[in-house]
Amino acid sequence: MSSAVSPPEGSSPRYNFRETEAKWQKAWEERQTFRAVMEKGRPKYYVLEMFPYPSGRIHMGHVRNYTQGDVIARYKRAKGFNVLHPMGWDAFGLPAENAAMEKKVHPKKWTYENIATMKAQLKSMGLSLDWSRELATCDPTYYRHQQKMFLDFWKAGLAYRKEAWVNWDPVDNTVLANEQVIEGRGWRTGAPVERRKLTQWNLKITHFADELLERLDTLDRWPEKVRLMQANWIGKSRGARVFFSLASPEKDWGKLEIFTTRPDTLYGASFMALSIDHPVVTELAQNDPNLQRFIAECRKTGTAAAELETAEKQGYKLPLQALHPLLPGKTLPVYAANFVLMEYGSGAIFGCPGHDERDHEFAVKYGLPILPVVMPKDADPKTFSVADAAFTDDGVIINSDFLNGLPVDEAKARIIARLEEMGVGKGTTQYRLRDWLVSRQRYWGCPIPAIHCESCGVVPVPEKDLPVELPDDVEFDRPGNPLDRHPTWKHVACPRCGKPARRETDTFDTFIDSSWYFDRFTSPHLATAPFDREENQYWMPVDQYIGGVEHAILHLLYSRFWTRAMREVQMTSRDEPFDGLFTQGMVCHETYRASDGSWLLPEEVERAGGKVVRISDKSPVEVGRSEKMSKSKKNVVDPDQIIHDYGADTARWFMLSDSPPERDLEWTEAGVTGAWRFQQRLFRIATEALEGLPPVGAPRPASFTDAAIALRRAAHKTVAGLSADIEAFHFNKAVARLYELANAIGGGTPKDDSHRWARREALEIFVRLIGPMTPHLAEELWQALGHKTMLAEEPWPTAEPALLVDDTVTVAVQLNGKLRGTLQLAKDAPKDVAEATALALPEIVRALDGKTPKRVVVVPNRIVNVVA
RNA sequence: GCCCCCGUGGCGGAAUUGGUAGACGCGCCUGACUCAAAAUCAGGUUUCCUCACGGAAGUGUUGGUUCGAGUCCGACCGGGGGCACCA
């Protein structure tokens, strides 16, 4: 919405934010105020916001994220911590290649130009960053260490190649990891993924599945929600592996392994089902055209996740019989079925239709027996039936030989013990988590340091040959991976036998780049290793990490894995990279649609006489609900424009006001102008209130008038409250407190010396408190107050404890729980005094009408409740 | 379908964890300044009844626990997020 109140150039803004912000940014830079240097013995604090992808320009989400981080960084610095607050670039990725195809710019050029633009934008925000540690993941001095670590992991068995069905994104032309497929679609492109069978590099994240899950409990400074999402993703389930003998007339098929979480229902088994990708099915299909047709049919629906939900259970009866391991002579039919996944468990199940909904549906369709083996505790076994629906709750076991009468949990334990005794099964734990597929068929990423040799197989690139650098001379004239068709790059001698061989042309998933950048920040220029152990030991872990919740699983889980993989190869002894995590909400804006249905930018629209119209032709505009700012819906506001029009401090202040930081924030013009007006008002209050005040460092008066004490109390309480708010990420409450203090300082003229002294004290406190939020204005006012030091280097004010407690308190008086009046009492007045005073209140006397109350509840300093 | 979170004025949101609901801001209303507007300053602003004093109701709905419930418990309604043939 074009602003009716764009900052009126001529309307007496006495605070010139443009000059002032530039002035202080220059001063901080010249003094290297925010440069971090290890000082052993001094407490450190590592504040990190998720580093940006250099897409071209920063957006409001960045502004919000970095403002929050900067508040913490500046606050912790003032509290005396040695603060590390670095910034870098998540610089590899597909948009650079897309730009290369569309605009004929080389990805490297495009990326570095974007970095330059965005760096200037970030600098205009006045962030307290140590730019000397800046890094870009596309720089060979960065990724060489990544290649080295990968080789170490490979040697340690944490990296391997495997042929498997993988998710293929047909738009980006590359494979994706499981985590990167959301509802059957690529996380970046939104295109339905296809299944392809390929040999790809994987990292063995499953090796740490249990640890990654268990350690979540100790991450008590992480949002509960994120921990829960990771726990669900890892998906631990306890159960049993059970072996069924497979028999067919022609051949002995040996044992069939299945996984189940319900071994207690084994006596209710009525069929077996195998994945269409199960080796047994594959073998049978070779001579069975009908089975081949069935498999092909399943594959068709197998891709789109939305269809899976409604897809009917399909089975194909195989010419096999399974022998029940506990019931001699009992055989079960064996099916290939579309609902059994090869990737989970062993790709085979036993079907118990009585107690599993999927199995029930399948059994009904194919007319298989449905036998109840569990029933609710107090049900009648004669009438209890599972013919209509599976019973999946807890209960007692029936029809199950030695398990009869047991509760489910105990039955599970007993039957596992029995299966183990008989050698036909084993208690086991299964995870949903799969290994991390890291190959990408793309150019703009870190090359995988491997060489394929016809005689030696896959050979690691020798360490002396690192880094394997990307070639610059590539063409993007057609789809596919330019590395693959490069005339010379991939041809190389085998490091083992010397014969002609070829390089791996896949590059790493860019989530690898971001899995250790926080470690690299601890010694960003070291050439010989990813980081210096001592520096790393000092700065890590990240004390406060801040970013979007969209990385709850992807980036955060990968980073936790990478940290453990580094531990495994003795690079660190650390388990977890991020001690504290905060996930900020999105920045939203209303959406606007013209009469022809096209989206309009907020700046193309204005409010006129209660209606919203398009500025160009005054045609009506349909206002849609507020949604996350996105280019496609054009509901975006450019941070540059806001900073130019209103200043960085206004943008920062608005980002912190009103909305709790973890929730979505609605960007409104009214809110911005409100924030802007407050900056102006602060400047006015501070400079006007300054007149007649004692100078810096004036001696403290021996006594204070009531007005002076009231102001001092307000100021000191704000110090205590604000510190707590910032520590708890309650920035919106912190802002509210600052408004209150501004109101307390702003009114009236002090009448005596002690009040004038108190006003200076309050002003100084105020200016220090706004330092983390609006640093430029704060520096300017600090100077105006007569200080020669730099506020960014000043300590946080301390509250005098005596001023934090009041001598009198307001106590509410209730009659039967309803408020009837209030009392002013001395703090901690005895209960009987409070009771007597309350009972003497005219309202209470009138209501009691001479009778004695049934009961009087007194909560000291809070409430007196008279029950009549 | 399963798991989790959230429902408070016209709006964004507060409420020391069971103790005066609506802090603070936005918006709106009234007044001051101004020829006028903008900006600024002062006051008001949950709803209903009352000229007022004052009173009644009120935190999605509904029932409960309690001297006392936005806060705790049960059921339901609505919104958001995560996972999803995971055996």
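Keep in mind it's a predicted model, so treat the numbers as computed, not measured. Scope of the values below: all heavy atoms of this structure, side chains included, with no hydrogens, waters or symmetry mates.
- Summarising the geometry, the separation between CD on A:E662 and P on B:C6 is reported as 10 Å, rounded to the nearest angstrom.
- Among the atoms of the strands shown, none is found under 4.0 Å from any heavy atom of A:R241.
- Counting any heavy atom pair closer than 4.0 Å across all strands shown, A:K818 reaches sugar-phosphate atoms only and no base atom.
- Residue A:V859 is in base contact, counting any heavy-atom pair closer than 4.0 Å across all strands shown.
- Residue contacts for A:E666: at a heavy-atom cut-off of 4.0 Å it reaches no nucleic acid atom on any strand shown.
- Electrostatic pairing of A:K236 and A:D210 counts as a salt bridge here, judged by a charged N lying under 4.0 Å from a carboxylate O.
- Remark: side-chain polar atoms of A:D435 are paired, donor with acceptor, to backbone N or O of A:I205 under 3.5 angstrom.
- Closest contact between the side chain of A:N865 and the listed nucleotides B:A87, B:C67, B:U40 involves B:C67.
- Using cut-offs of 30° and 60° for the angle between ring planes, the A:H551 and A:H555 rings count as perpendicular.
- The residue among A:I553 and A:R262 whose nearest nucleotide of RNA chain B is located toward the 5' end is A:I553.
- Checking side-chain atoms of A:H355 against main-chain N and O of A:V373 turns up a donor-acceptor pair under 3.5 Å.
- As rounded to the nearest Å, B:G7 and B:U61 have C1' atoms that lie 11 Å from one another.
- Of the candidates B:C26, B:G12, B:A87, B:C26 carries the atom nearest the A:A670 side chain, counting heavy atoms from C-beta on.
- With rounding to whole Å, A:R432 atom CZ is found 10 Å from B:G82 atom C1'.
- Residue A:V811 is classed as having no contact, given no heavy-atom separation below 4.0 Å to the nucleic acid.
- You won't find any donor-acceptor pair under 3.5 Å spanning the side chain of A:R681 and the base of B:C41, going by distance alone.
- For A:V857, taking side-chain heavy atoms from C-beta onward, the closest of the listed nucleotides B:C26, B:C85, B:C67 is B:C67.
- Contact annotation for A:L228: backbone-only contact, meaning every heavy-atom pair under 4.0 Å involves sugar-phosphate atoms and none involves a base.
- Spacing of P atoms, B:C35 relative to B:G25, comes out at 31 Å, to the nearest Å.
- Atom CD of A:Q814 is separated from atom C1' of B:G19 by 7 Å (rounded to the nearest Å).
- Base orientation at B:G9 is syn, since its O4'-C1' glycosidic dihedral falls within 90° of 0.
- A:Y739 comes within 4.0 angstrom of the backbone, heavy atoms only, and of no base.
- Across all strands shown, A:T810 has heavy atoms under 4.0 Å from base atoms, whether or not it also approaches the sugar-phosphate.
- Atom NE2 in A:H551 sits roughly 14 Å away from atom P in B:G82 (whole-Å rounding).
- When heavy atoms are screened at a 4.0 angstrom cut-off, A:R737 is found touching no nucleic acid atom at all.
- Under the 3.5 Å distance criterion, the side-chain polar atoms of A:D806 are left unmatched by any main-chain donor or acceptor of A:T808.
- Of the nucleotides present, B:U30 is the one that pairs with B:A42 by Watson-Crick or G-U wobble criteria, both distances under 3.5 Å.
- Considering only side-chain atoms of A:L819, the nucleotide from B:A87, B:A14, B:A21 that sits closest is B:A21.
- Taking atom C1' in both B:G27 and B:U46, one finds a spacing of 15 Å when rounded to whole Å.
- With B:G27, B:C24, B:C86 as the candidates, the nucleotide lying closest to the side chain of A:E740 is B:C24.
- Taking atom CH2 of A:W233 as the reference point, atom P of B:C2 lies 21 Å away to the nearest angstrom.
- No more than 12 heavy-atom neighbours from other residues, nucleotides or ligands sit within 6.0 angstrom of CD on A:E357.
- When rounded to the nearest whole Å, the span between CG of A:D393 and C1' of B:C2 equals 13 Å.
- Atom CG in A:L216 sits roughly 16 Å away from atom P in B:C4 (whole-Å rounding).
- Taking 3.5 Å as the limit, the base of B:C85 and the side chain of A:K313 contain a donor-acceptor pair of atoms between them.
- Both A:T822 and A:E343 sit near RNA chain B, but only A:T822 has its closest nucleotide nearer the 5' end.
- Between A:N338 atom CG and B:A87 atom C1' there is a gap of 14 Å when expressed in whole angstrom units.
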* Asked: Can A:T67 and A:R652 be said to form a side-chain hydrogen bond (donor to acceptor under 3.5 Å, both in side chains), step by step?
  -> CA-CA 6 Å; A:T67 298; A:R652 294 169 61 121; 5.0 Å; no
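- Closest approach to the A:D658 side chain among B:A23, B:G25, B:G81 is made by B:G25 (side chain taken as heavy atoms from C-beta onward).
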